[in-house]
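Input: a single structure, listed below in structure tokens.
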Number of protein chains: 2
Amino acid sequence: MRHLCMPEGLCARDVTKLEHIISVTRKIRRGDALFRTGDTFDSLYAVRSGSLKTVVTNDGSRDGGRERMTGLLLAGDALGLDGIGDGRHTCDAVALEDSSVCVVPYALFERMCRETDSLQRRMHRMMSQAINREAEHVVRLGMLRADERVARLLLDMSARLARRGYATAEFTMRMTRDDIGSYLGMTLETVSRTLSRFDKLGLIEAQGKSIRIRDFDGLRGI
Amino acid sequence: MRHLCMPEGLCARDVTKLEHIISVTRKIRRGDALFRTGDTFDSLYAVRSGSLKTVVTNDGSRDGGRERMTGLLLAGDALGLDGIGDGRHTCDAVALEDSSVCVVPYALFERMCRETDSLQRRMHRMMSQAINREAEHVVRLGMLRADERVARLLLDMSARLARRGYATAEFTMRMTRDDIGSYLGMTLETVSRTLSRFDKLGLIEAQGKSIRIRDFDGLRGI
DNA sequence: CGTCTACTTGAGGACTGTCAACTTTCGTGG
DNA sequence: CCACGAAAGTTGACAGTCCTCAAGTAGACG
């Protein structure tokens, strides 16, 4: 469990201290929310098992509150950084499958950051990397076509799972087509059509949520 | 100058300490870069005067290295957080006009964060807010049409300038149409056409880079 | 004052969204 | 364990938005 949560680059003693803080874990059942927009922020979380999505419910006039998925969190990912800014969460975090998270009370964590250099450094790096991931996502949305976006999502999922020790070519998409669409800025129909086309082209085998990548270079070349 | 840079929520003594660290300022001429992708990261910056954009040069196969604007920084905004993650900057920061920035050596700043509660808290909040801003931008790109994106950008500019004490209805866009397009994920032609249409509709007066908003509610309703 | 860059505007076409019908999968309760 | 209803996914036809290509105008800078 240790290696799943936040550590990395902490000495043994620091890890022990950290462990003391994050002694609480919490289970979330598929479809349930870990937190919702507007909830007061008091803890950070690290995904222990399962996966979650973050969504914002756009208060736009025209859409009448359509949901928009903004993030996909896998085991080991940190979650809840959005709440630090104003003390309230700015999005919902919903479990895509039955999942569990480590709970990290922020007040304690903040204090410990001050005492432990390496933890502070790690915290800053984590947040910086979160910023970069978002920026990367913006680039995807803004200058790629629908099929390029889907291809990159598949490759990205594969890489992230590989880093966690899972098979790279075969995995289950926990998101619905609707989620994928809202994550990539397109409609669920376009997602479905694109996956079907990739399948016909021999790039992947897709049936429902289970994906098998057959031609990595082909996908990269889309 | 004090109120332009990072403070806010710091007591007088802390501000003095901070001031000591950020004694250096740097001028950047229009078109020049404050830092570039891959540069080793050693300082954060705060915009003192002028404005800058951040751009990533996409290494995509198809585009052959087209630029993509990812951020617009005005006086008072912090800059450089992207570099903390891996010790190297992940984007270019280019001045949109002759500008100056406060230089904040990160090693010193990091140490001071550890000593000063309020500064650490402020740092975390800043990064969290940066994450939220990006997320907001993602939502814009993903679920709004071209004219909605342009309308929101104009309103956003107006609000940000207002917060800095400038007129809300009249301002100069330092970005080119190309910049705006790449920021909003569309072509410069679409930007131009959209502004022209807004002008004809009486929502704004646009000639070249100078913008005057005539009907705020109209823009919001787009 | 000339040249280069930025901007505007038009025509045509590609991509993706919308609407709709249908099939498959999933979850719940008998 | 099976059956049923609901949710998720697929596929087609058509329409609209936005991009591409192109030509010409206005503005900036030396």
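Side chains included, hydrogens not; waters and symmetry mates left out as well; all remaining heavy atoms used. Reminder, nothing fancy here: chain letters follow the sequence lines and each chain counts from 1. Note that this is a predicted model, so its numbers are computed, not measured.
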>> Test: ring pair (Phe, Tyr, Trp, His ring centres under 6.0 Å). Region: residues 73-101 of chain A. Which pairs qualify, not counting sequence neighbours?
In response: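 Of all non-adjacent pairs touching residues 73-101 of chain A, those that pass ring pair (Phe, Tyr, Trp, His ring centres under 6.0 Å) are A/F35-A/H89, A/F41-A/H89.
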Base, sugar-phosphate or nothing for [X]? Non-hydrogen atoms, less than 4.0 Å.
| X | answer |
| --- | --- |
| A/G31 | nothing |
| B/G185 | sugar-phosphate |
| B/R149 | nothing |

Rounded to whole Å, how long is the line connecting atom [atom1] of [X] with atom [atom2] of [N]?
| X | N | atom1 | atom2 | value |
| --- | --- | --- | --- | --- |
| B/M186 | C/dT8 | CE | P | 12 Å |
| B/R145 | C/dG17 | CZ | P | 13 Å |
| A/E148 | C/dT16 | CD | C1' | 14 Å |
| A/R177 | C/dT23 | CZ | P | 19 Å |
| A/R197 | C/dC15 | CZ | C1' | 10 Å |
| B/L96 | C/dA6 | CG | P | 12 Å |
| B/D199 | C/dT9 | CG | C1' | 14 Å |
| B/D179 | C/dT5 | CG | P | 15 Å |

>> I'd like to know if A/D156 pairs up with A/R140 as an ion pair, taking the criterion as any Lys NZ or Arg NE/NH1/NH2 lying under 4.0 Å from an Asp or Glu carboxylate oxygen.
In response: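 Here A/D156 pairs with A/R140 in a salt bridge, since their nearest N and O are under 4.0 Å apart.
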>> Tell me whether B/R36 is salt-bridged to B/D92, with the criterion being a basic N under 4.0 Å from an acidic carboxylate O.
In response: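 Judged by the 4.0 Å cut-off on N to carboxylate O distance, B/R36 and B/D92 do form a salt bridge.
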>> If you only use heavy atoms from C-beta on, which nucleotide in C/dG27, C/dA6, C/dT8 is closest to the side chain of A/R30?
In response: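 Among the listed nucleotides, the one closest to the side chain of A/R30 is C/dG27.
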> Listed by chain and number, what are the ring pair (Phe, Tyr, Trp, His ring centres under 6.0 Å) partners of A/H124, not counting sequence neighbours?
Replying inline: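 Result, ring pair (Phe, Tyr, Trp, His ring centres under 6.0 Å) vs A/H124: B/H124.
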>> Counting only side-chain nitrogens and oxygens, does B/S196 get under 4.0 Å of the OP1 or OP2 atom of C/dT9?
In response: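 Answer yes for this pair, as a side-chain N or O of B/S196 is under 4.0 Å from OP1 or OP2.
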>> At a heavy-atom distance below 4.0 Å, which nucleotide of DNA chain D is the first touched by chain A, and which is the last?
In response: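 Nucleotide range in contact with chain A: D/dA8 to D/dA13.
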Do [X] and [Y] have side chains that get closer than 4.5 Å, going by heavy atoms?
| X | Y | answer |
| --- | --- | --- |
| A/L184 | A/L153 | yes |
| A/R177 | A/L195 | yes |
| B/L81 | B/L44 | yes |

> Are more than 12 heavy atoms from other residues, nucleotides or ligands located less than 6.0 Å from atom CZ of A/R164?
Replying inline: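 Atom CZ in A/R164 is packed in, count exceeds 12.
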> Taking everything shown except A/Y106 itself, do over 12 heavy atoms lie less than 6.0 Å from its OH?
Replying inline: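 Yes, because the 6.0 Å sphere around OH of A/Y106 holds more than 12 heavy atoms from other groups.
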> Heavy-atom contacts under 4.0 Å between residues 187-195 of chain B and DNA chain C, which residues?
Replying inline: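 Output list: B/L188, B/E189, B/S192, B/R193.
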>> Quick check on contacts: within residues 200-215 of chain A, what sits under 4.0 Å from DNA chain D by heavy-atom distance?
In response: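 Listed by number, they are A/K209.
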>> salt bridge (charged side-chain N to carboxylate O under 4.0 Å, His left out) for B/K53 and B/D179? Distances and angles first, verdict last.
In response: CA-CA 9 Å; B/K53 64 176 174 179; B/D179 285 333; 2.9 Å; yes
>> Please find the pair of heavy atoms, one from A/T168 and one from A/S158, that lie closest to each other, and give the distance.
In response: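 The pair with the smallest heavy-atom distance is O-OG, 2.6 Å.
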> Got a sec, which residues hit salt bridge (Lys or Arg N to Asp or Glu O under 4.0 Å) with B/R214, two or more places apart in sequence or on another chain?
Replying inline: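 So B/R214 forms a salt bridge (Lys or Arg N to Asp or Glu O under 4.0 Å) with B/E205.
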